[in-house]
Amino acid sequence: MANDASTVFDLVILGGGSGGYAAALRGAQLGLDVALIEKNKVGGTCLHNGCIPTKALLHAGEVADQARESEQFGVKATFEGIDMAAVHKYKNDVISGLYKGLQGLIASRKVTYIEGEGRLSSPTSVDVNGQRVQGRHVLLATGSVPKSLPGLEIDGERIISSDHALGLDRVPKSAIVLGGGVIGVEFASAWKSFGAEVTIVEGLKHLVPVEDENSSKLLERAFRKRGIKFNLGTFFQKAEYTQDGVRVTLADGKEFEAEVLLVAIGRGPVSQGLGYEEAGVAMDRGYVLVDEYMRTNVPTISAVGDLVPTLQLAHVGFAEGMLVAERLAGLKTVPVDYDGVPRVTYCHPEVASVGITEAKAKEIYGADKVVALKYNLAGNGKSKILKTAGEIKLVQVKDGAVVGVHMVGDRMGEQVGEAQLIYNWEALPAEVAQLVHAHPTQNEALGEAHLALAGKPLHSHD
């Protein structure tokens, strides 16, 4: 079909990552004739170089920790080390299974899949493999790549990005992680579990700085207990090779040395040289600018995912891609509430949240109109069984709805689903308190926190 010049698709999608393939699947489901163009593999960063492989490494690290610590549960086991080849096989088997499933979905929905490097050639066409693919509408979904800093060259050996870290054939004896956001703390956590000595360098004053400050402090306390070092509040100045590693110097002159330096300062949009500006698409620092319905300033072009300045999360890409497909199919659509999107950092312990921070709530509603409550997981039976520490913090508008749920502790990412419903349905603490939560579960801690906030605490102090 793509080679037939007379074919005009309803939707041509440039990029087969989370946002692009979600739009393709939903669009085809709604009867649109869809072409999906991807230069590498469908699934994009999330499946092949991000969410899935990173979480596989973190789970392998969790198993290693459980083996080391098994005696505290009365189980005698020995930990003999990490076989990175076997870890990569496990990780790649997970990716492979999901990739095959996704390819099957694309085929079953009769999406025209075109493998090749595409370039926007007009507001209604993309050139790929020497052919012009025409569409009534074009969706840009070309994603992101790891960023670096001026003068800091990633060589793939001693100074590496997350892409390189995912394929590292060994456990480094020591590592410096530049950046204490999601990517940085997840790799620091996994490497520590594998046996590396890790130091995180973060220029801002806290790890995971976009989270509620209480969550950041709890994570910092847990990392200290695990022996993960970190330096906060001073920015990077330079990196240089040593005889067998890397030396990092900070703005205050402090120096750190390690075998490898992981640059984890975030990801930047893939947009350069793809014809966006030539087609008249409004841009800002490489990002494509869109409105709440993901429309660009060009009527026939939309954009989603890491390419636009919204949350860089795979599930955000899914939601944005589906929104575009439904809008083009004529359905009534509702913009994404980005505060209502669940956010999870999968380090040990996990950090999970939905809604706004206490500081943001005070800024919006006024300090005297905001109530915050902390529920310690020490009072939760299942968390005691798992030997995990942490807290659930609720942020409420006084006499009103819960506007923020912030959780730290093992497996808290699995509890964020109910937290999402609490925030998005504007639940009152008393309404959540009426729900009977299963005992003993960690999910019960959410119920207990709302019981306390509603003024009738059970397994917590007044």
Side-chain angles (χ1 to χ4, degrees), residues 55 58-59 61-63 65-66 68-70 72-74 182 185-186 188-189 192-193 206-208 210-228 342-358 371-396 402-423 427 429 432-433 435-462:
K55 279 54 180 180
L58 283 158
H59 182 64
E62 182 184 357
V63 173
D65 288 333
Q66 288 173 340
R68 286 191 195 94
E69 300 162 5
S70 65
Q72 66 179 312
F73 301 101
V182 173
V185 300
E186 286 188 350
S189 184
K192 183 62 180 179
S193 295
H206 286 296
L207 297 179
V208 288
V210 300
E211 294 291 341
D212 189 270
E213 188 172 324
N214 187 65
S215 295
S216 295
K217 288 179 177 177
L218 288 169
L219 180 63
E220 288 159 15
R221 183 188 306 165
F223 272 18
R224 285 190 198 98
K225 192 172 180 181
R226 291 186 62 195
I228 298 174
R343 306 170 293 273
V344 186
T345 304
Y346 295 87
C347 50
H348 168 48
E350 291 182 351
V351 180
S353 62
V354 66
I356 59 177
T357 65
E358 181 180 0
V371 178
L373 178 136
K374 299 175 187 176
Y375 177 80
N376 197 305
L377 293 183
N380 175 253
K382 188 59 181 286
S383 294
K384 293 288 277 189
I385 291 166
L386 295 171
K387 289 186 176 286
T388 186
E391 286 180 357
I392 291 177
K393 177 179 176 179
L394 305 179
V395 180
Q396 176 200 13
V402 173
V403 295
V405 182
H406 306 277
M407 304 180 285
V408 176
D410 290 344
R411 306 186 184 182
M412 285 297 107
E414 301 303 322
Q415 310 311 320
V416 81
E418 183 182 359
Q420 179 184 23
L421 295 179
I422 290 166
Y423 171 84
V432 181
L435 303 176
V436 180
H437 291 73
H439 173 78
T441 62
Q442 288 186 291
N443 180 244
E444 183 183 19
L446 264 174
E448 293 275 357
H450 284 84
L451 278 167
L453 194 55
K456 47 181 181 179
L458 186 59
H459 296 100
S460 59
H461 294 288
D462 292 346

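Along the sequence shown, residues are numbered consecutively beginning with 1. Only this structure's heavy atoms are used, side chains among them; waters, hydrogens and symmetry mates stay out.
V405 is not listed as a side-chain neighbour of E418, based on a closest heavy-atom distance of 4.5 Å or more. Residues E211 and V408 have side chains not in contact (no heavy-atom distance under 4.5 Å, counting atoms from C-beta outward). V351 is not listed as a side-chain neighbour of V185, based on a closest heavy-atom distance of 4.5 Å or more. Side chains of K382 and E444 form no contact here, defined as non-hydrogen atoms less than 4.5 Å apart.
Counting heavy-atom neighbours within 6.0 Å of E414 CD, excluding the residue itself, gives a total of 12 or less. Sparse packing is recorded around CZ of R411, with 12 or fewer heavy atoms of other residues, nucleotides or ligands lying under 6.0 Å away.
A donor-acceptor contact closer than 3.5 angstrom is absent between the side chains of H348 and E62.
In this structure, S383 contributes its side chain and T388 its backbone to no donor-acceptor pair below 3.5 Å. For E186 (side chain) and Y346 (main-chain N/O), a donor-acceptor pair under 3.5 Å exists by modelled atom type. Between the side chain of E220 and the backbone N or O of L207 there is at least one donor-acceptor pair closer than 3.5 Å. S193 places a side-chain N or O within donor-acceptor distance of the main-chain N or O of S189, the cut-off being under 3.5 Å. Judged purely by atom type and a 3.5 angstrom limit, H406 uses its side chain to pair as donor or acceptor with the backbone of I356. Q442 places a side-chain N or O within donor-acceptor distance of the main-chain N or O of D410, the cut-off being under 3.5 Å.
Considering CG of N443 and CG of N380, their distance stands at 9.5 Å, rounded to 0.5 Å. Within the model, atoms CD of E448 and CG of L377 stand 11.0 Å from one another, a figure rounded to the nearest 0.5 Å.
Under the 4.0 Å criterion applied to side-chain N and carboxylate O atoms, K393 and E358 are assigned as salt-bridge partners.
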